[in-house]
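This report refers to the structure that appears directly beneath it.
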Amino acid sequence: MKTAGLRYGVFFSLLLLGAGCADDEHLGQGSLRLAWTTGPNVSCEQAGLHDIEATVSKGAESVQRVAFDCAQSSGFLENLLEGSYQLTLRGFDAAGLATFESAATPVRVVSGQVIDAGSVRLVALPARVELSWSFANGALCSPNGVEQIEVQIYDDEFYDVGNLRFACEEGMGSLMPLVAGDYIVELRGVGPDGVLRASQLSELSLSRGQRLRLEVSLAQAY
């Protein structure tokens with residue numbers, strides 16, 4: 001009896017799956033018209049943008065991805081099945097680095113129609129820095145008496161941008177997203193008693209959307 005019930009359940013699931021596929025086959029196709037602007041309506045040249053990539057998604061699945069010349073300022077996404085989607089735009093510089101991105105915009109595709117998705121605004125992406133540390137004497141954290149790594153970040157005008165703390169034995173960590181510009185990064189190796197054991201200053205120069213690995217060698221503090 002249990003086997004018969006299982007077979008019926010599988011058969012019923014297959015019927016539902018088949019019905020869903022049949023429904024998709026009968027959905028008509030439509031198109032989206034879109035336009036884009038960068039920041040406070042600056043030109044692609046001013047923003048250093050070469051290409052715009054438009055991605056249409058349903059949930060976590062990318063349905064269509066199309067690249068445009070940024071200078072076109074507009075374009076069409078065609079042959080989309082009728083339904084609701086999310087539209088996201090990313091801007092790439094001449095080297096292929098993503099430096100601008102838009103928020104996800106809900107759009108609706110209607111069969112046989114060209115729907116105007118409006119003008120989508122892209123904003124600059126921050127830089128992201130992966131930080132790693134070691135000690136100039138070649139020893140590890142415990143032999144140097146260091147338990148915590150304190151990180152202080154200053155901009156080029158010496159304003160305090162933020163601070164982070166990591167367990168020294170982790171050996172690495174991520175800085176907060178940073179806007180393009182120049183920075184000073186101060187690392188302080190602190191013992192369990194709160195006493196400064198090692199330190200180092202490093203300079204960073206970051207551009208929009210950059211991904212960077214910063215390796216710091218800490219010198220003993222005397």
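This one's a predicted model, so the numbers in the text were calculated from it and none came from an experiment.
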Would you say the side-chain atoms of Asp160 and Gln152 include a donor-acceptor pair closer than 3.5 Å? yes
Could you grab the distance from atom OG of Ser73 to atom CD1 of Ile52, nearest 0.5 Å is fine? 9.0 Å
Applying the 4.5 Å side-chain criterion to the ILVMFWY set and letting contacts propagate, would Val161 and Tyr154 be lumped into a single cluster? no
For the side chain of Asp155 and the backbone of Glu157, is there at least one donor-acceptor N/O pair under 3.5 Å apart? yes
Can you hop from Val120 to Leu125 via hydrophobic side chains spaced under 4.5 Å? no
Hey, could you give me each pair passing salt bridge (charged side-chain N to carboxylate O under 4.0 Å, His left out) that has a residue in residues 110-130? Not counting sequence neighbours. none
Taking CD in Glu45 as the centre, count heavy atoms belonging to other residues, nucleotides or ligands within less than 6.0 Å. Is the count above 12? no
Compare all side-chain heavy atoms of Leu32 with those of Phe76 and state whether any distance is below 4.5 angstrom. no
Shared hydrophobic cluster, Phe92 / Leu49 (ILVMFWY, side-chain heavy atoms < 4.5 Å): no
Verdict with reasoning, Gln64 to Leu77, per side chain to side chain contact (heavy atoms under 4.5 Å, CB included): CA-CA 8 Å; Gln64 187 179 114; Leu77 299 170; 3.6 Å; yes
Determine whether Val151 and Leu206 fall in the same hydrophobic cluster, where Ile, Leu, Val, Met, Phe, Trp and Tyr are linked whenever their side-chain heavy atoms lie under 4.5 Å apart. yes
Enclosure of Glu78 CD (heavy-atom neighbours >12, cutoff 6.0 Å): yes
Member of Arg165, Glu169, Arg197 meeting the side-chain contact (heavy atoms from CB on, under 4.5 Å) criterion with Gln148: Arg165
Distance-only, no hydrogens or angles: does the Trp36 side chain make a donor-acceptor pair with backbone N or O of Leu89 under 3.5 Å? no
Hey, mind stepping through Glu53 and Thr55 against side chain to side chain contact (heavy atoms under 4.5 Å, CB included) and telling me if it holds? CA-CA 7 Å; Glu53 181 183 81; Thr55 302; 4.0 Å; yes
Within the side chain of Ser207, is there an N or O that forms a donor-acceptor pair under 3.5 Å with the backbone of Gln210? no
Kindly say whether Ile149 contributes a backbone atom to a donor-acceptor pair with the side chain of Trp133 at under 3.5 angstrom? no
Under 3.5 Å donor-acceptor pairs involving side-chain atoms of residues 181-189, not counting sequence neighbours:
from, atom 1, to, atom 2, distance (Å)
Asp182, OD1, Ser205, OG, 2.8
Tyr183, OH, Val179, N, 3.4
Tyr183, OH, Val179, O, 2.6

Would a 4.5 Å heavy-atom cut-off, applied to side chains only, mark Leu214 and Leu204 as touching? yes
Walk me through it: do Gln200 and Val216 pass the test side chain to side chain contact (heavy atoms under 4.5 Å, CB included)? CA-CA 7 Å; Gln200 186 63 48; Val216 179; 3.7 Å; yes
Begin from the C-alpha positions of Met176 and Ile153 and carry the test side chain to side chain contact (heavy atoms under 4.5 Å, CB included) through to its verdict. CA-CA 10 Å; Met176 70 284 285; Ile153 304 170; 3.3 Å; yes
Keeping the roles fixed (side chain from Glu61, backbone from Lys58), state whether a donor-acceptor pair exists under 3.5 Å. no
Distance (rounded to the nearest 0.5 Å) between Leu212 CG and Leu131 CG: 10.0 Å
Please report the shortest heavy-atom distance between Ser119 and Thr37, naming the atom on each side. OG-CG2, 3.6 Å
Atom pair CD1/OG of Ile115 and Ser31 - distance to nearest 0.5 Å: 9.5 Å
Minimal non-hydrogen separation, Phe68 against Gly75, with atom names: CE2-CA, 3.9 Å
Least distance between heavy atoms, Ser57 atom then Ser62 atom: OG-CA, 3.9 Å
Does a side-chain heavy-atom distance below 4.5 Å link Gln29 with Asn79? yes
Tightest non-hydrogen contact, residues Gly28 and Ser111, listed as CA-OG, 3.2 Å
Is there side-chain contact between Phe166 and Ser174, with at least one heavy-atom pair below 4.5 Å? no
Side-chain touch Pro192/Glu147, heavy atoms, less than 4.5 angstrom: yes
Here the pair of heavy atoms bringing Arg208 nearest to Ala180 is N-CB, 3.7 Å
Cluster question for you: counting only ILVMFWY and a side-chain heavy-atom cut-off of under 4.5 Å, with indirect links fine, are Val109 and Val63 together? yes
Does Ser102 reach the main-chain N or O of Thr88 with its side chain, forming a donor-acceptor pair under 3.5 Å? no
From CA spacing to verdict: salt bridge (Lys or Arg N to Asp or Glu O under 4.0 Å), Arg90, Glu101: CA-CA 4 Å; Arg90 301 191 86 189; Glu101 189 173 58; 3.0 Å; yes
Determine whether a donor-acceptor pair (N or O, by modelled atom type, separation under 3.5 Å) exists between the side chain of Glu82 and the backbone of Arg108. no
Minimal heavy-atom distance between Ala71 and Cys44, with the atoms involved, is N-SG, 3.8 Å
Hey, is the main chain of Val110 close enough, under 3.5 Å, to the side chain of Gln113 for a donor-acceptor pair? no
Does the side chain of Ser142 come within less than 4.5 Å of Asn144's, by heavy atoms? no
